[in-house]
Engineer: 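Sending over a structure as structure tokens; questions will come in a sec.
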Amino acid sequence: MRRLAARGAAGDAEEAAAPASEDSSDCVQCRSPSPRRLIDLCAIWDTGVSLPFADWKGASSGVASRRLNEAEKLSSLWEAHLEQQEAAKPQGLGSREWGLVLRMARQQAPPWVNAAFLLFLLSLGGAIEIPMDPSIQNELTQPPTITKQSVKDHIVDPRDNILIECEAKGNPAPSFHWTRNSRFFNIAKDPRVSMRRRSGTLVIDFRSGGRPEEYEGEYQCFARNKFGTALSNRIRLQVSKSPLWPKENLDPVVVQEGAPLTLQCNPPPGLPSPVIFWMSSSMEPITQDKRVSQGHNGDLYFSNVMLQDMQTDYSCNARFHFTHTIQQKNPFTLKVLTNHPYNDSSLRNHPDMYSARGVAERTPSFMYPQGTSSSQMVLRGMDLLLECIASGVPTPDIAWYKKGGDLPSDKAKFENFNKALRITNVSEEDSGEYFCLASNKMGSIRHTISVRVKAAPYWLDEPKNLILAPGEDGRLVCRANGNPKPTVQWMVNGEPLQSAPPNPNREVAGDTIIFRDTQISSRAVYQCNTSNEHGYLLANAFVSVLDVPPRMLSPRNQLIRVILYNRTRLDCPFFGSPIPTLRWFKNGQGSNLDGGNYHVYENGSLEIKMIRKEDQGIYTCVATNILGKAENQVRLEVKDPTRIYRMPEDQVAKRGTTVQLECRVKHDPSLKLTVSWLKDDEPLYIGNRMKKEDDSLTIFGVAERDQGSYTCVASTELDQDLAKAHLTVLADQATPTNRLAALPKGRPDRPRDLELTDLAERSVRLTWIPGDDNNSPITDYVVQFEEDQFQPGVWHDHSKFPGSVNSAVLQLSPYVNYQFRVIAVNEVGSSHPSLPSERYRTSGAPPESNPGDVKGEGTRKNNMEITWTPMNATSAFGPNLRYIVKWRRRETRDTWNNVTVWGSRYVVGQTPVYVPYEIRVQAENDFGKGPEPDTVIGYSGEDLPSAPRRFRVRQPNLETINLEWDHPEHPNGILIGYTLRYVAFNGTKVGKQMVENFSPNQTKFSMQRADPVSRYRFTLSARTQVGSGEAITEESPAPPNEATPTAAPPTLPPATVGEMGAVSSTDATALPATSEATTVPITPTVAPTTIATTTVATTPTTTAATTTESPPSTTTRTKIQESAPDEQSIWNVTVLPNSKWANITWKHNFGPGTDFVVEYIDSNHTKKTIPVKAQAQPIQLTDLYPGMTYTLRVYSRDNEGISSTIITFMTSTAYTNNQADIATQGWFIGLMCAIALLVLILLIVCFIKRSRGGKYPVREKKDVPLGPEDPKEEDGSFDYSDEDNKPLQGSQTSLDGTIKQQESDDSLVDYGEGGEGQFNEDGSFIGQYTVKKDKEETEGNESSEATSPVNAIYSLA
């Protein structure tokens, strides 16, 4: 039997409880855990520091006095210790020897006495460190501190914008300004230069032009608040340069075989220097070895030239870092003169290749560097590169040495086939003489390089920020070294210290500034600039004087539970200025706890070396300074240890027998006990042959695999105890038959007896007893969990474990009320879930993630809906999960708007139409906020687009019409296409309306027309996802011989957008009578560069009715019927137009007295507005023109974004007023019938003459022979081409009194469906109804037209 004692306590109680021995290590007792000023006294003891006593009692004020008292106590303790030694003289030791021992003891004081002097010295430079607690950091004032800046040598890419970084922190937040070349840099005067918001970073933008070289120079940033000014380094801004290689023609290089050769690169000077490499003109790399290699300067060196070297050419390439470009020099061509003209490859591996080719051997000589000695200077911390390249036949070998010592093996490495020696991170010890030795079988030569190590300034003691209490002393130290020795210059708030106002509390002593009796007025930022010829260092350090009463930094009323006889520590972190003194009290008693079993550390922690029952109680820590005091309480509970009082014993059992291992435990009843078993130090799988009880483990039918060590583990959340025993299994002579092999297999039984142990903040151990495997081994266990806050009753998979375990540690999320169950799995299937475990709620914490799938999309034109995927229970981490939604306009970069939302959406109202927004959604619960969220770009709602611009209709010939347009000036969203509506008209006849839909990228359209007479009216509008926007109308040009009619033909119905974006047609003139529309054949074609379109034919309603101004019943009404919206809107705009005026009404849900604006635009694009009151409806527009089309909308005067839909109406023509329709007059109808009868009689007479064989000599008057193209009499028809009998060529008078050419109100062409009308032999017409003539012929036949009966009829009309 073996017993293992492994007891531990939570927190700092790891060590076993035992009384501290008298001779325990003083190092352990005096090691201070102070976070503000950690002093490892053991390290001081080891070094044996001995400090003088002179003037150490002259310290003054606060902390120094207190530490002086501590040092005096330590000194007195040492004196008492010496007195005890004198009294305890050992026997057998003479007085002389004992006196010598005492004198040595007095001369060698123990380290903790010497540490007292160090404490005093630290008090002179003592400073307060601000805790990282955000509440304190945000409350305390602080001078500026530079946190981020660009490098001193700042090289930028000329193709990019220039960014010079300067970030600083302070309280209040600092402001920034810059100097350029030591002069104030006025950023406001340069439009290209801007400064980032809440930052000093400069941005120089070249997108609108400019040369980056104009901004080269030395820049310095100044960060200032009312407590001081901090400075950045002097940043030298240079623009990267990659100059072109100079053009040159290189002659072939002629060289004798075996001779040395150097091909010079001489790259153009770039900034930074380019990377050099050699290639052939065919971009093949040049193979390098110890004979042919590239030097550090970029030249290509041949120690000796061979015939194979002229098989390729050699080109030097320079790669520039910033522009990522490679420039290639014109290639060198080698011509090798040789005594052996054949390049026999077999000679390359010849042992004496050179003599085989007739090349004379020679001793080495240096190609670089020249001569026998040289010198080189390198700066400390840089890399030293020494190079030796030698020529000779055979190729020499290079070796490196250092005079008077060895090469530094940890920093030295050889490069370029031993031709270069690189020593990294050079220090002063690396200076001296190095030499390279070049040797071959003909001899050797050496070159000596003298290396001098210089140093730019580097810090020995960089000044640190100094935070003092009023009346305390302190100092700033700026100590640097370099070669040559750097000079130190002090500045305060960016100005030289010599020119600053005198301060009696400040004393400058070289590289140190000493402050005595500091006051609030001493706050400032000091700069230390140390420099020599190789560089400079600039450091900022502020002096801040704080006057803060004591504050406790830990949670109040903490509960600490500890096991009896263990060691523990009660923490009480505090802050204050001056540094408060701290005392501990127990149960409200007046005596301070320090000494004996208690020890108080400087950081406020109270250590109890060995816990006893009487130590249980309430401990109070009190921090006090001159400004006040603060206190906190800690409750300590002492628990009994966990002990196994009956341990398992080693056993030997035969196979097939039953074994029981006991494990009886005694523990504190207030703690939950968990007993588990290990087998061979691994968690034991409790199979169906084992039974685990509270105080024992029983194994039925012991088998060989059960042999091993069994450990009983009894544990609580504070401690544990272990006991181990070994089981040995003896083999039986007869092998029993495996009866389980023939049994049927089934799904396992459900696990049972789930138990939660090892409860921690983020984890728990789940233990279960497996069910019967039903003759099929369990392969896996699936652990599921359920929580009762977000999805109660829904089980989720948590983790999966192998079938060999029955206990597992589960990782948990904060603030979830967990309940677990386990499912067993074998090859047959899964078991039923186990009964649920008891619930366990984890403690809360701030969220560690933010919601995903954040989007911003508009649902209306004046809003943006922000949505996201809500977080589930395992990511909420705390109660009252909510979301901080932030947004701002992307272009303006204004301050963030924010709102707290408990759902998963938020609607931002009153937004401009379709503008980008930056959106952030951050999770927050009662424990704090989640991490900073990512920024997502969203867009506000879309609106109807404006009309397309520059709509052009061109007619290159009578068959083609070309349309072109530009995109709308205000798309108000994402354009999804264009809609073109067009209709043919001829006088008052209107054809069928056609509709074309185009893609958003198409801006051209061509169509072929079969009818050269009719004109076309085109109406074009753009579409967004909301619908079609404002339309623009144009007409095709009139033919050259057609007069413009006075009566305006019917316009296309405007497109009306309803609430859901559906497009409908609304007539501008709602009249009762309709007439059949004439369909004109149209063949639309799309230009080759456009995308295929879809044509939709619609039939509009057209009328020829006349409206009058006086009766209201005949007045045109235009109205957009809409439903009342939820938000503030304007709808149901109604227009009652007449010839010169129109009445306007609308509906709205604004308050009384709201101001509106009525905006209307005529067809000449003249816009007018009228401000009105809501209660002033109806509004009359009195400055309209007859027969003109207008677009109108009503919007809020306070917010133009709240507007009605755009409607279109047309005023009536002036000449229709009080004029009757002549077509309806009885006398006119009778006259037309009489004329028709007369014409019929004349036609009958003509045909009678024709039937008698009469002819009309139509060609005799012209004296022109009949051409072969003229019609013949073969079909019995006649050519009525006589000048006196030609078809009507004159003009007719229309019903409205205007003059029209070649058209009538009732054209036969229209009735003939567009075909050519002809007379048949029964007397019907043949030929065109009208024939076009030249202008001269028309003017020359005015007299014949007057005698024409048809013209006479029209003249009567």
Side-chain angles (χ1 to χ4, degrees), residues 260-262 264-266 273 276 288-304 361-460 480-487 531-537:
L261 175 63
T262 302
Q264 294 184 346
C265 180
N266 296 328
S273 300
I276 305 300
Q288 299 188 26
D289 50 25
K290 73 174 185 176
R291 185 179 67 87
V292 181
S293 62
Q294 175 185 321
H296 184 64
N297 60 359
D299 295 346
L300 188 65
Y301 294 91
F302 294 79
S303 294
N304 49 76
E361 297 178 338
R362 54 185 173 83
T363 58
S365 62
F366 283 108
M367 305 174 69
Y368 180 87
Q370 301 289 334
T372 59
S373 63
S374 60
S375 63
Q376 190 167 337
M377 189 273 289
V378 64
L379 291 180
R380 180 181 185 269
M382 306 297 289
D383 287 357
L384 171 64
L385 183 66
L386 305 177
E387 192 173 31
C388 283
I389 301 177
S391 65
V393 179
T395 304
D397 295 318
I398 305 294
W400 289 91
Y401 305 92
K402 182 181 181 182
K403 290 185 178 180
D406 297 330
L407 295 175
S409 58
D410 56 335
K411 300 192 296 181
K413 61 179 180 179
F414 303 103
E415 299 176 354
N416 198 15
F417 310 100
N418 274 20
K419 299 178 185 180
L421 170 64
R422 181 182 298 273
I423 300 177
T424 59
N425 193 19
V426 172
S427 60
E428 288 78 358
E429 294 81 8
D430 297 319
S431 60
E433 290 189 351
Y434 296 78
F435 66 89
C436 58
L437 184 67
S439 60
N440 61 9
K441 66 180 183 178
M442 300 302 295
S444 62
I445 188 175
R446 66 190 295 175
H447 182 93
T448 302
I449 305 174
S450 178
V451 175
R452 294 175 294 115
V453 178
K454 300 291 185 179
Y458 57 92
W459 290 117
L460 297 177
N481 198 5
N483 188 4
K485 182 70 176 178
T487 59
S531 61
N532 63 12
E533 61 188 65
H534 302 298
Y536 75 95
L537 291 174

Engineer: Indicate yes or no: at least one non-hydrogen side-chain atom of T448 is less than 4.5 angstrom from one of K403.
Structural biologist: yes
Engineer: Just how far is it from atom NZ of K402 to atom CG of D430, taken to the nearest 0.5 Å?
Structural biologist: 5.5 Å
Engineer: Tell me yes or no: between the side chains of N304 and T395, is some donor less than 3.5 Å from an acceptor?
Structural biologist: yes
Engineer: Could you pull out all residues at least two apart from N416 that satisfy side chain to side chain donor-acceptor pair (under 3.5 Å)?
Structural biologist: none
Engineer: Are more than 12 heavy atoms from other residues, nucleotides or ligands located less than 6.0 Å from atom CG of D410?
Structural biologist: yes
Engineer: Report yes or no: does E361 contribute a side-chain atom to a donor-acceptor pair with the main-chain N or O of M442 at less than 3.5 Å?
Structural biologist: no
Engineer: Looking only at heavy atoms, what is the nearest atom pair of C388 and I449, with distance?
Structural biologist: SG-CD1, 4.5 Å
Engineer: What I want to check is whether the side chains of H447 and S374 have a donor and an acceptor closer together than 3.5 Å.
Structural biologist: yes
Engineer: Quick check: does any side chain N or O of W400 sit under 3.5 Å from a backbone N or O of N418, one acting as donor and the other as acceptor?
Structural biologist: yes
Engineer: Side chains of F435 and S373: closer than 4.5 Å at any heavy-atom pair?
Structural biologist: no
Engineer: Cut-off 3.5 Å, side chains only: do K290 and S303 have a donor facing an acceptor?
Structural biologist: no
Engineer: Only one of I423, D383, L384 clears side chain to side chain contact (heavy atoms under 4.5 Å, CB included) with K411; which?
Structural biologist: I423
Engineer: Compute both the distance and the angle, then confirm whether R380 meets the cation-pi test with Y458: under 6.0 Å from the six-membered ring centre, within 45 degrees of the axis.
Structural biologist: yes
Engineer: Within the supplied structure, the quantity of interest is the number of heavy atoms (other residues, nucleotides, ligands) at a distance under 6.0 Å from H534 NE2; does it exceed 12?
Structural biologist: yes
Engineer: Going from CE on M367 to NZ on K419, what distance comes out if it is rounded to the nearest 0.5 angstrom?
Structural biologist: 8.5 Å
Engineer: Output yes when a side-chain donor or acceptor of S391 lies under 3.5 Å from a complementary backbone atom of S365, and no otherwise.
Structural biologist: yes
Engineer: Taking N483 for its side chain and A455 for its backbone only, find out whether a donor-acceptor pair lies under 3.5 Å.
Structural biologist: no
Engineer: Find the distance between CD (Q376) and CG (L386) and round it off to the nearest 0.5 Å.
Structural biologist: 5.0 Å
Engineer: Is there a donor-acceptor pair under 3.5 Å between the side chain of E415 and the backbone N or O of L421?
Structural biologist: no
Engineer: Tell me whether K454 is salt-bridged to E533, with the criterion being a basic N under 4.0 Å from an acidic carboxylate O.
Structural biologist: no
Engineer: So which atom in E428 and which in S431 form the shortest heavy-atom distance, rounded to 0.1 Å?
Structural biologist: O-OG, 2.9 Å
Engineer: Between CG of L407 and OH of Y401, what distance do you get to the nearest 0.5 Å?
Structural biologist: 9.5 Å
Engineer: Looking at N440 and G443, would you say the former's side chain and the latter's main chain have a donor-acceptor pair under 3.5 Å?
Structural biologist: yes
Engineer: Run the side chain to side chain donor-acceptor pair (under 3.5 Å) test against K485 and tell me which residues pass, sequence neighbours left out.
Structural biologist: none
Engineer: Is the backbone N or O of L437 less than 3.5 Å from a side-chain atom of D397, with the two atoms forming a donor-acceptor pair by type?
Structural biologist: no
Engineer: Do L379 and M377 come within less than 4.5 Å of each other through their side chains, counting heavy atoms only?
Structural biologist: yes
Engineer: Backbone N or O of P484 within a donor-acceptor pair of the N532 side chain at under 3.5 Å?
Structural biologist: yes
Engineer: Please find the pair of heavy atoms, one from L385 and one from A420, that lie closest to each other, and give the distance.
Structural biologist: CD1-CB, 4.0 Å
Engineer: In Å and rounded to the nearest 0.5 Å, what is the CG to CG distance from D299 to N266?
Structural biologist: 6.5 Å
Engineer: Roughly how far apart are Y368 OH and T262 OG1, rounded to 0.5 Å?
Structural biologist: 12.0 Å
